Colleague: 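Quick one: this structure, given as structure tokens, is what I'll be asking you about.
Just so it is clear, the model here is predicted, and its values are computed rather than measured.
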Amino acid sequence: AQGDKVSLVHGAHRTGRRTDAAMARWRAYGLGQFIHWGLYSIPGGEWDGKTYNGAAEWIRSWDGITKSAYDSLIYHFNPVKFDATAWAAAAQQMGAKYVTITTKHHDGFCLWPSKYTSYTVASSPYKKDLIKPLVDAYNKAGIDVILYFSIMDWSNPDWRYDIKTKDDSIAFERFKKFTRNQLLELLERYPTTKGLWFDGTWDNAWVKQAAFADELETEMRKMRPGLIIGSRFRADENGKRHFDTNGQLMGDYEQGWERKIPNTITEVHGNDWDCVMTVPENQWGYNAAWKGHIKTTDELLEMLAKCVSLDGNFVLNFGPKGDGSIRKEELSLAREIGDWMAVNQEAIYGCEYAGLEPQNWGYFTKKTGTDKIYMLVFNVPVSGALRVKLPVQTSISKAYRLGQPAQTFVPEEIQASESFIHLKTTSEKHPFVIVLETAKKT
Ligand code: JFZ
């Protein structure tokens with residue numbers, strides 16, 4: 001009840017979803033790409049012949065490596081094989097509608113020539129800005145760009161995990177100015193980008209900056225109408241992150257679905273969200289020795305289908321190598337996802353939760369603003385009969401296989417508003433889509 005709400009100065013600015021065109025565009029993306037690229041891509045999870053067991057992009061925090069040795073990687077950063085057009089072409093073929101690119105990860109190394117630190121690509125042998133060619137190439141390929149930015153910055157002597165002394169507080173004030181400068185710099189330099197993806201915001205020093213972060217967010221939104229910022233940027237005045245003290249989402253979409261996907265629509269509370277996913281277990285930056293289970297194309301497609309069926313987007317991570325090339329395993333996954341998308345994208349783009357009871361054969365999506373339902377089939381029952389329950393007063397007017405419109409199905413109504421779609425074969429080896437055109441019974 002309204003009466004139970006506490007009044008907050010730095011809580012959520014809105015209840016419910018954003019209703020503007022920029023957010024509607026984000027919501028319709030369906031599939032995105034994430035790119036983690038930086039100095040950590042050079043060692044790729046190995047140092048002096050030893051393997052680091054953590055995430056490759058965190059190697060600087062390992063005691064098997066000295067900070068100065070890590071920071072000296074800047075003198076070896078020379079991605080001669082980097083080809084922004086080729087990266088964008090691979091993402092476009094995969095079917096990605098947006099890409100999130102690390103402008104600066106926790107190590108603090110900037111892929112753009114920031115005026116505010118020398119720890120940037122400008123000090124490397126490569127010298128040139130990497131963000132501009134990426135933004136241009138992806139935009140040219142029709143893909144929107146979102147800039148990843150880590151607040152936590154291990155390279156900056158003013159960064160603090162917590163503020164305990166007067167000196168900490170003085171240093172962190174400088175750090176806040178630096179952070180604001182860098183963010184405004186990014187928005188000025190790359191005016192076509194659509195959003196900011198924040199990370200490294202969990203430590204006390206930052207969590208205590210509710211007022212500063214709130215004002216900065218407002219300033220950035222003024223500067224760039226339509227700008228999209230997730231729930232991982234700021235905390236409210238009580239230190240609550242993602243959801244404020246009253247349980248309201250802060251930011252434009254829920255940014256907590258990290259390598260996990262909700263199972264039911266109730267878990268997303270009517271909010272926008274996206275899931276960011278790695279191909280191996282928990283490796284974002286390039287790791288030469290991918291260990292453990294490596295997800296297959298069909299597994300990734302199932303995650304994509306599940307996300308869209310629950311009103312989310314699915315974002316697949318790529319970790320390019322230090323030389324600027326993309327590993328062949330990622331390129332072949334992208335190609336296979338793209339081959340499937342070429343046939344089935346209609347069931348992904350501009351689609352949402354269908355409001356139907358889930359069935360074990362797979363996932364339903366619905367084209368926003370229409371009565372078109374898609375059945376994304378991943379598990380074919382031995383009977384070949386796919387159960388569909390529609391709302392009362394709704395019937396199937398036409399059912400056909402996406403990409404093969406001549407292959408139509410005659411649904412068998414087994415009871416009111418409950419039908420079987422009978423497959424002609426149960427020997428399918430890959431996921432496929434059946435379109436249901438529905439109509440209100442008269
Ligand atoms: C962070 C980073 O530390 C990591 O290197 C990578 O960039 C990833 C995308 O983001 O890692 C996180 C952040 C949040 C959670 C898990 C890992 N979380 O909320 O569960």
Colleague: Decide if atom CD of Glu281 counts as having more than 12 heavy atoms of other residues, nucleotides or ligands within a radius under 6.0 Å.
Modeller: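 For Glu281, atom CD is not crowded (no more than 12 foreign heavy atoms under 6.0 Å).
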Colleague: Please table the atom pairs, donor to acceptor, closer than 3.5 Å between any side-chain atom in residues 8-22 and protein atoms at least two apart or in another chain.
Modeller:
residue	atom	partner	partner atom	Å
His10	ND1	Asp214	OD2	2.7
His13	NE2	Asp214	OD1	2.8
His13	NE2	Arg234	NH2	3.4
Arg14	NE	Gly16	O	2.8
Arg14	NH1	Asp252	OD1	3.4
Arg14	NH2	Gly251	O	3.1
Arg17	NE	Gly270	O	3.0
Arg17	NH2	Asp311	OD2	3.0
Arg18	NE	Asp20	OD1	2.8
Arg18	NH1	Leu227	O	2.9
Arg18	NH1	Asp252	OD1	3.4
Arg18	NH1	Asp252	OD2	2.9
Arg18	NH2	Asp20	OD2	2.8
Arg18	NH2	Gly226	O	3.0
Asp20	OD2	Ala22	N	3.3
Asp20	OD2	Met23	N	3.3

Colleague: Examine distances only and state if a side-chain atom of Glu254 and a backbone atom of His269 form a donor-acceptor pair shorter than 3.5 Å.
Modeller: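 No; zero donor-acceptor contacts below 3.5 Å.
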Colleague: Verify the distance criterion only: is there a donor paired with an acceptor across the side chains of Tyr40 and Asp107 at less than 3.5 Å?
Modeller: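 Not at all, the side chains of Tyr40 and Asp107 share no donor-acceptor pair under 3.5 Å.
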Colleague: Between Tyr253 and Trp273, is the ring centre distance below 6.0 Å?
Modeller: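 So the answer is no for these two rings.
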Colleague: Does Thr193 reach the main-chain N or O of Leu147 with its side chain, forming a donor-acceptor pair under 3.5 Å?
Modeller: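 No, because the side chain of Thr193 does not come within donor-acceptor range (under 3.5 Å) of the backbone of Leu147.
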Colleague: Should the pair Arg327 and Trp290 be classed as cation-pi, given the thresholds of under 6.0 Å to the six-membered ring centre and 45° from the axis?
Modeller: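 Output yes; distance and angle both within limits.
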Colleague: Quick check, are the ring centers of His106 and Trp58 under 6.0 angstrom apart?
Modeller: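 Yes.
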Colleague: Check this for me, if you would: do Arg232 and Glu258 make a salt bridge, where the nitrogen-to-carboxylate-oxygen distance has to be below 4.0 angstrom?
Modeller: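 Glu258 and Arg232: salt-bridged.
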Colleague: Verify the ring-centre separation between His36 and Phe34: is it less than 6.0 angstrom?
Modeller: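 Yes, close enough.
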Colleague: Between Asn53 and Lys291, do the side chains contain a donor N or O and an acceptor N or O under 3.5 Å apart?
Modeller: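 Note: Lys291 and Asn53 side chains meet the donor-acceptor criterion.
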Colleague: Pick out which of Lys367, Lys372, Lys366, Arg401 makes a salt bridge (charged side-chain N to carboxylate O under 4.0 Å, His left out) with Glu346.
Modeller: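 When salt bridge (charged side-chain N to carboxylate O under 4.0 Å, His left out) is applied between Glu346 and each of Lys367, Lys372, Lys366, Arg401, only Lys372 qualifies.
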Colleague: Let's go through Glu57 and Tyr286 carefully: what are the C-alpha distance in whole Å and the side-chain angles of both, what is the deciding distance for side-chain hydrogen bond (donor to acceptor under 3.5 Å, both in side chains) to 0.1 Å, and is it a yes or a no?
Modeller: CA-CA 8 Å; Glu57 73 281 4; Tyr286 174 68; over 6 Å; no
Colleague: Pairing donors with acceptors under 3.5 angstrom, does anything connect the side chains of Gln92 and Tyr138?
Modeller: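 There is no such pair between these side chains.
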Colleague: Using a 3.5 Å distance criterion without hydrogens, assess whether the side chain of Asp236 forms a donor-acceptor pair with backbone atoms of Thr245.
Modeller: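 At least one qualifying donor-acceptor pair exists.
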Colleague: Strictly by modelled atom types, are Tyr98 and Gln33 linked by a side-chain donor-acceptor pair under 3.5 Å?
Modeller: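 No donor-acceptor contact under 3.5 Å links the two side chains.
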Colleague: Without hydrogens or angle criteria, can the side chains of Gln182 and Glu185 be said to hold a donor-acceptor pair below 3.5 Å?
Modeller: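 Side chains of Gln182 and Glu185: no pair found under 3.5 Å.
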Colleague: When Phe109 is tested against each of Tyr70, Phe77, Tyr126 for ring pair (Phe, Tyr, Trp, His ring centres under 6.0 Å), which residue passes?
Modeller: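 Exactly one pass, corresponding to Phe77.
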Colleague: Answer with yes or no whether the side chains of Asp199 and Tyr148 bring together a donor and an acceptor at under 3.5 Å.
Modeller: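 Checked: Tyr148/Asp199 side chains pair up, N/O donor to acceptor below 3.5 Å.
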Colleague: Taking the six-membered ring for Trp, are Phe82 and Trp37 closer than 6.0 Å centroid to centroid?
Modeller: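 Yes, they do, as the ring centres are separated by less than 6.0 Å.
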Colleague: For Tyr349, give me all partners under side-chain hydrogen bond (donor to acceptor under 3.5 Å, both in side chains), at least two apart in sequence or on another chain.
Modeller: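 For Tyr349, no residue satisfies side-chain hydrogen bond (donor to acceptor under 3.5 Å, both in side chains) once neighbours in sequence are set aside.
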Colleague: Please verify the inter-ring angle class for Phe178 with Phe175; under 30° counts as parallel, over 60° as perpendicular, anything in between as tilted.
Modeller: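 Geometry flag for Phe175 against Phe178: tilted rings.
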Colleague: Verify the distance criterion only: is there a donor paired with an acceptor across the side chains of Arg241 and Thr201 at less than 3.5 Å?
Modeller: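 There is such a pair between these side chains.
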Colleague: Would you call Glu173-Lys176 a salt bridge at under 4.0 Å N-O?
Modeller: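 Looking at Glu173 and Lys176, the cut-off is met.
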Colleague: Going by the rule ring pair (Phe, Tyr, Trp, His ring centres under 6.0 Å), which residues pair with Tyr52 if we only count those two or more places apart in sequence or in a different chain?
Modeller: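 Residues passing ring pair (Phe, Tyr, Trp, His ring centres under 6.0 Å) with Tyr52: Trp62.
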Colleague: Between the side chains of Asn204 and Asp162, is a donor N or O closer than 3.5 angstrom to an acceptor N or O?
Modeller: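 Checked: Asn204/Asp162 side chains pair up, N/O donor to acceptor below 3.5 Å.
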Colleague: State whether the side chain of Asn317 and the backbone N or O of Trp284 hold a donor-acceptor pair below 3.5 Å, judged by distance alone.
Modeller: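 Yes, because the side chain of Asn317 sits within donor-acceptor range (under 3.5 Å) of the backbone of Trp284.
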Colleague: Does the pair Asp136/Lys132 count as a salt bridge with the N-to-O cut at 4.0 Å?
Modeller: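 Yes, Asp136 and Lys132 are salt-bridged.
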